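To keep things clear, I will list the structure first and then write my remarks on it.
Values in this document were obtained by computation on a predicted structure and should not be read as measured data. We number each residue from 1, following the sequence as shown.
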Amino acid sequence: MKTTQAAVVGCGAIHTLHVEAIQANPACQLWAIVDTDSVKGHALAERYGCRYYADYREMLCDAEIDVVHICTPHFAHKEMIIAALAAGKHVFTEKPVALNPGEVKEIKNALASATTQLGVCYQNRLNPSSQKIKALLESNAYGKVLSIKAVLTWNRPHDYYAQSPWRGRFATEGGSLLINQAIHTLDLMQWFAGGVNALKGVVESSFLSAATEAEDTAIANMELANGARGIFYATNCNTTDSPLLLEIHCERGLLQLHHNHLWVIAGEHKELLASDELPDAAQKCYWGSSHQQAIHNFYHSLESPNNRHYVDIHQAEISLRMVEAIYQSSITRDWIDI
């Protein structure tokens, strides 16, 4: 069997998870890395034992490369995805797949004529708690879902934006809190509910108004596809990165994700169902524990194109539409159909 050769574009903090996942797969090899910082790039290439490219376009001309991992700032995703598909490469990209639904349409058009596949990294769907929740809801274990509540309170200081000026700008990040930190939570809510029909929301800029032109806080109520209510609150104004609080109220019990542990509470009975605790502290806990599994699933799907186990462009688009709808609703003060 031919070894799958991979290239990783963008060598910021998240790229190490992609490199580790590639190196952990015996059927794959890290062939190249790409970064505009030549000092960093050469040093990492020497460490990983791979090639270095300063320009991703030059990398795409390398016939040895089968899969391109995109770990760049948001504004570069669409251009790089379309170019990689045109070059006959498979693509696995960090979220969001694009800045907005308009860019998603361009990527869909490119995919329509491509012979390769595109996967998007929504790794939190694969966390043990997420998998358990999805299985319980699909089996109707606790009856009809009445509501899904999610509370995300993280900390992003002014320096976070000052050190990377592309952050917090609509033209380069596509927004701020919603499209970066909270998009995983929005995705989980709609995924658990089988989609979202409409929402009404508000965005606000308060403690971080001098650091970002976009929002640092957002709330939304949702009409979920399974008939349940969605209640969402997120902020980057907390003084620490608190774990996601998620509660799913069902007819016969409450599923509660609290401090990375999933509990079911039914009457006076409380039972631990799953844990998302990481085995080591090297990885940021709020990234989730399942990058490696998400990447493994994508590579496995390349071998079985008719048996896809990754988030594709159509699934990835839903959370982007939710982000856009919250912005629109904040202006109109109306419900927005998704």
Side-chain angles (χ1 to χ4, degrees), residues 14 17 20-21 94-95 119-155 180-196 220 222 224-226 228-235 238 240-267 269-298 309-311 315-316 318-319 322:
I14 201 70
L17 297 181
E20 290 169 0
E94 277 291 326
K95 58 76 189 168
V120 187
C121 194
Y122 279 89
Q123 74 280 355
N124 286 345
R125 289 189 182 192
L126 298 171
N127 290 348
S129 63
S130 300
Q131 290 289 299
K132 188 66 174 180
I133 290 169
K134 186 69 169 177
L136 289 170
L137 297 184
E138 288 182 346
S139 69
N140 199 35
Y142 297 101
K144 181 181 178 181
V145 179
L146 304 176
S147 65
I148 300 178
K149 178 181 76 175
V151 178
L152 189 73
T153 55
W154 284 357
N155 171 52
N180 194 329
Q181 289 76 33
I183 197 166
H184 283 294
T185 301
L186 293 172
D187 176 66
L188 285 178
M189 292 181 75
Q190 69 83 21
W191 185 56
F192 291 147
V196 56
M222 307 171 190
L224 298 170
N226 62 354
R229 291 181 179 179
I231 311 297
F232 166 82
Y233 171 81
T235 185
N238 197 16
T240 187
D241 292 315
S242 298
L244 171 66
L245 172 62
L246 181 74
E247 291 186 346
I248 301 178
H249 182 206
C250 303
E251 290 176 310
R252 298 191 296 275
L254 179 74
L255 296 172
Q256 182 185 75
L257 179 65
H258 188 228
H259 290 290
N260 298 314
H261 289 81
L262 176 64
W263 303 85
V264 60
I265 303 170
H269 175 73
K270 183 176 182 179
E271 178 184 355
L272 180 64
L273 299 179
S275 173
D276 293 336
E277 289 290 343
L278 299 175
D280 60 70
Q283 182 176 327
K284 298 176 183 179
C285 62
Y286 50 78
W287 281 348
S289 59
S290 302
H291 256 88
Q292 187 160 311
Q293 185 62 49
I295 293 169
H296 172 79
N297 287 357
F298 180 70
H309 292 288
Y310 61 86
V311 176
Q315 297 175 67
I318 299 172
S319 54
M322 294 171 74

With rounding to the nearest 0.5 Å, note down the distance linking [atom1] in [X] to [atom2] in [Y].
X: N260; Y: L245; atom1: CG; atom2: CG; answer: 11.0 Å
X: I295; Y: Y310; atom1: CD1; atom2: OH; answer: 14.5 Å
X: M222; Y: M322; atom1: CE; atom2: CE; answer: 4.0 Å

Side chain to side chain contact (heavy atoms under 4.5 Å, CB included) between L152 and F232, intermediate numbers included: CA-CA 8 Å; L152 189 73; F232 166 82; 5.6 Å; no
Set of side chain to side chain donor-acceptor pair (under 3.5 Å) partners for [X], sequence neighbours left out:
X: S130; value: none
X: H309; value: N307
X: Q190; value: D187
X: S147; value: none

Just by distance, do the side chain of [X] and the backbone of [Y] share a donor-acceptor pair under 3.5 Å?
X: H269; Y: G267; result: no
X: S129; Y: A274; result: no
X: K95; Y: N180; result: yes

Within the structure provided, determine whether [X] and [Y] are in side-chain contact (heavy-atom separation under 4.5 Å).
X: N124; Y: N127; answer: yes
X: R125; Y: Q315; answer: yes
X: I14; Y: H291; answer: yes
X: Q292; Y: L17; answer: no

Set of ring pair (Phe, Tyr, Trp, His ring centres under 6.0 Å) partners for F192, sequence neighbours left out: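 Scan of F192 (ring pair (Phe, Tyr, Trp, His ring centres under 6.0 Å), adjacent residues dropped) gives none.
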Set of residues satisfying ring pair (Phe, Tyr, Trp, His ring centres under 6.0 Å) with respect to Y122, sequence neighbours excluded: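 By the ring pair (Phe, Tyr, Trp, His ring centres under 6.0 Å) rule, Y122 matches H184.
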Side chain to side chain contact (heavy atoms under 4.5 Å, CB included) between L126 and Q131, worked out: CA-CA 6 Å; L126 298 171; Q131 290 289 299; 3.8 Å; yes
Minimum heavy-atom distance L244-A150, with the two atoms named: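 Heavy atoms of L244 and A150 come nearest at CD1-CB, 4.3 Å.
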Which atom of N155 lies closest to which atom of D241, heavy atoms considered: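 Closest heavy-atom pair between N155 and D241: N-OD1, 2.9 Å.
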Donor-acceptor pairs are to be reported for all side-chain atoms of residues 246-257 against protein atoms at under 3.5 Å, with residues two or more places apart or in another chain.
from: E247; atom 1: OE1; to: K149; atom 2: NZ; distance (Å): 3.2
from: E247; atom 1: OE2; to: Q256; atom 2: NE2; distance (Å): 2.8
from: E251; atom 1: OE1; to: K144; atom 2: N; distance (Å): 2.7
from: R252; atom 1: NH2; to: N140; atom 2: O; distance (Å): 3.3
from: R252; atom 1: NH2; to: A141; atom 2: O; distance (Å): 3.4

Residues that [X] engages under side chain to side chain contact (heavy atoms under 4.5 Å, CB included), provided they are two or more places apart:
X: E138; result: K134
X: Q181; result: W154, R156, Y160, L177, N236
X: A193; result: I148, L224, N226

